[in-house]
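Notes follow once the structure below has been shown.
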Amino acid sequence: MSRSTSRTSLAVVGTATALALLTACGGSGDDDAAAGSDGKPVSITFWGWAKGSKEVVDAFNASHKNIKVVYEEIPSGNAGGYAKISNAVKAGNAPDLVSIEYPQLPEYVSQGALQDIGQYFTEDIRKKLLPQAVELTTLGGKNWAVPFDASPQSFYYRKDLFEKYGVEVPKTWDEFRKAAEKIKKADKKARIGTFFPDDPTTFQAMAWQAGAQWYKPEGDTWKVSTADAATNKVADYWQGLLDDDLIRSNASFSPEWTNSLKNGGTVGYLGAAWGAGVLKGTLPEQSGKWAVAPMPSWDGKPASGMLGGSTFAVTKTSKKAKAAVEFATWMSTTEEGIKARIESGTSSAFPAASALRPVAKKSFDAGFYGGEDIYQVFEGAATSIGQNWNWGPTTGTTNTTMKDQFGKVASGGTTIKDAVKAGHDATVAELKKRGLKVEDAG
């Protein structure tokens, strides 16, 4: 599944020419307060929101004397966290280390908000991690973040209700629709899943799984295409589910979505590996009733996109990059770091460090899923992640536009396909505004 080393830069954000504007702005920390150099611990600040982060920080501080981490929990990225980080960087008071998901990383690099950490993020560290994750953080031949997890897609479902309604777990999207019809027929108030109008990244993961390639770097030009056959197939499919009232339309993790899960009105969740911890923490009273299956695919063969996934990046103004990377590396590549996060009971992260997945599996109490080996499901999904998806440097613009338009879909104000087209047009305009060459492939 791994791409060749020669494609590391190309497969993620394009050639060095296309990345000139991305990497020219990147800073470099002076580390004038090297950890423990004066006999006192250096203090670094860390902003994040992932489940288990506080427990990880506490464990690190308890076991390390040369670095002290001060943690601040911020809203999740799209719920205000990214805006907070951007504003802090602009104001010159950003923390040393921030959590950034893979899709947003190129944008932060292009804004000059981060610094190259290559001198600290060494080959010895990189070789412990999933090659795809390292590639997604290597832009223009420079290292911009420490990967933490991979986030292959998974399908979570109410095993008890599927059995009650006589519904088999779908392996294809055709079977998923038939299962949706059967569930609605068995209980007119029940639906198989949810379309999240506030979360375009879920739709993007579906397009990724189908083989779409929205951003394609060619020489010094970005080729942008969201009207390809794969994307249109996904858009038409989900539009049909909405039009026929076979799925719900609720904001992700909203009270409406949560209540629907609690009362059996929604009996499935199309999410990512980290979603196992979310459900467990949200629905403790339903322990033993949920199970995990591979994501349905178009032909029944294993296929997955990535939905989110976290990295740790050092801001451009930090003077403590070495200490920040040491902490980030501990979180991502040590047994102690993984255990501290997952034993909190709220995180089901799938580590980018493959050797630590057994630790994650052992640390996560799978009783909520009837003792099922959910990490085996994640492992299978990870090996099927599509290899041709690229993230571009204007993800924020793309997602903001799509989110605005997706909010009108359920009411009939627009269609999913038109919402994607609006995101496409906004992306092309923003790339041109930034002085990048663009080929509008529709």
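- Without hydrogens or angle criteria, Y102 side chain to W391 main chain gives no donor-acceptor distance under 3.5 Å.
- Here the NZ atom belonging to K316 is positioned 11.0 Å from the CD atom belonging to Q115, to the nearest 0.5 angstrom.
- With ring centers used as reference points, W214 lies 6.0 Å or more from H424.
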task = Any chance you could lay out the side chain to side chain contact (heavy atoms under 4.5 Å, CB included) test for I44 and K68, step after step, and finish with the verdict?
result = CA-CA 6 Å; I44 63 170; K68 178 184 178 183; over 6 Å; no
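- The closest donor-acceptor contact from the side chain of S260 to the backbone of E256 lies at 3.5 Å or more, if one exists at all.
- The two atoms that bring G275 and S348 nearest to each other are N-OG, 4.1 Å, heavy atoms only.
- Taking the side chain as every heavy atom from C-beta outward, T415 and V409 never approach each other to under 4.5 Å.
- When atom types are taken as modelled, the side chain of R357 and the backbone of P351 share a donor-acceptor pair closer than 3.5 angstrom.
- Checked by atom type and distance alone, the side chain of T333 never pairs as donor or acceptor with a backbone atom of W330 at under 3.5 Å.
- Checking side-chain atoms of E372 against main-chain N and O of V292 turns up a donor-acceptor pair under 3.5 Å.
- Using a 4.0 Å cut-off between charged nitrogen and carboxylate oxygen, E55 and R341 do not count as a salt-bridge pair.
- Judged by distance alone, the side chain of S332 and the main-chain N or O of P147 form a donor-acceptor pair under 3.5 Å.
- By the 4.5 Å heavy-atom criterion applied to side chains, I416 and L242 are counted as neighbours.
- With hydrogens and angles disregarded, a donor-acceptor distance shorter than 3.5 Å links the side chain of S318 to the backbone of K320.
- Note on ring orientation: taking the six-membered ring where Trp is involved, the planes of F155 and Y157 are parallel (angle under 30°, cut-offs 30° and 60°).
- A 4.5 Å side-chain heavy-atom check between I67 and F60 finds at least one atom pair inside the cut-off.
- A salt bridge links K127 with D124: at least one charged nitrogen is closer than 4.0 Å to a carboxylate oxygen.
- Between W274 and F253, the angle of the ring planes lies from 30° to 60°, which puts this pair in the tilted group.
- Aromatic ring centroids of F46 and F312 lie under 6.0 Å apart.
- With salt bridges taken as basic N to acidic carboxylate O contacts below 4.0 Å, one links E430 and R434.
- Of all the heavy atoms in Y375 and A360, the pair that sits closest is CE2-CB, 3.7 Å.
- Taking 4.5 Å as the limit, some side-chain heavy atom of L129 sits within range of a side-chain heavy atom of F121.
- Between the side chain of Q286 and the main chain of L261, a donor-acceptor pair closer than 3.5 Å is present.
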task = Given salt bridge (Lys or Arg N to Asp or Glu O under 4.0 Å), test E73 with K54 step by step and report yes or no.
result = CA-CA 8 Å; E73 181 175 340; K54 182 181 183 300; over 6 Å; no
From CA spacing to verdict: side chain to side chain contact (heavy atoms under 4.5 Å, CB included), N399, Q204 = CA-CA 10 Å; N399 288 355; Q204 289 161 356; 2.6 Å; yes
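- Side-chain N or O atoms of N61 include one that pairs as donor or acceptor with a backbone N or O of V69 at under 3.5 Å.
- Between V428 and V438, the shortest heavy-atom contact is CG1-CG1, 4.0 Å.
- At most 12 heavy atoms of other shown residues, nucleotides or ligands fall within 6.0 angstrom of atom NZ in K362.
- Within the 4.5 Å cutoff, the side chain of W238 has heavy atoms near those of the I247 side chain.
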message = Checking V89 against T317 for the side chain to side chain contact (heavy atoms under 4.5 Å, CB included) test, could you report, in this order, the C-alpha distance in whole Å, the side-chain angles of both residues, the deciding distance, and whether it holds?
response = CA-CA 8 Å; V89 170; T317 55; 5.7 Å; no
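- Annotation for V377 and S154: closest pair CG1-OG, 4.5 Å, computed over non-hydrogen atoms.
- Listed here is the closest heavy atom pair of N143 and G118: OD1-CA, 3.7 Å.
- In summary, the aromatic rings of Y108 and W144 are positioned with their centroids too far apart to meet the 6.0 Å limit.
- For E123 and R126, the salt-bridge test passes: some basic side-chain N is under 4.0 Å from an acidic carboxylate O.
- Y237 and F176 have tilted rings, their planes meeting at an angle from 30° to 60° on a 0 to 90° scale.
- The side-chain heavy atoms of L431 and K437, taken from C-beta on, include no pair separated by under 4.5 Å.
- Distance alone, capped at 3.5 Å, places no donor-acceptor pair between the T282 side chain and the L279 backbone.
- Among all heavy-atom pairs drawn from L283 and T258, the shortest one is CD2-O, 4.4 Å.
- In summary, K403 and D198 do not engage in a salt bridge, as defined by a charged side-chain N under 4.0 Å from a carboxylate O.
- Below 30°, between 30° and 60°, or above 60°: for Y215 and W222 the angle between ring planes is above 60°, a perpendicular geometry.
- Taking the centre and axis of the six-membered ring of Y369, the NZ or CZ atom of K159 falls outside the cone set by 45° and 6.0 Å.
- For F196 and F203, the distance between ring centers is not under 6.0 angstrom.
- Under a cutoff of 6.0 Å and an axis angle of 45°, K84 and W47 form a cation-pi pair.
- Contact check for L356 versus E335: side-chain heavy atoms found under the 4.5 Å cut-off.
- Contact of the S304 side chain with the M295 side chain is not registered, since no non-hydrogen atoms from C-beta on lie closer than 4.5 Å.
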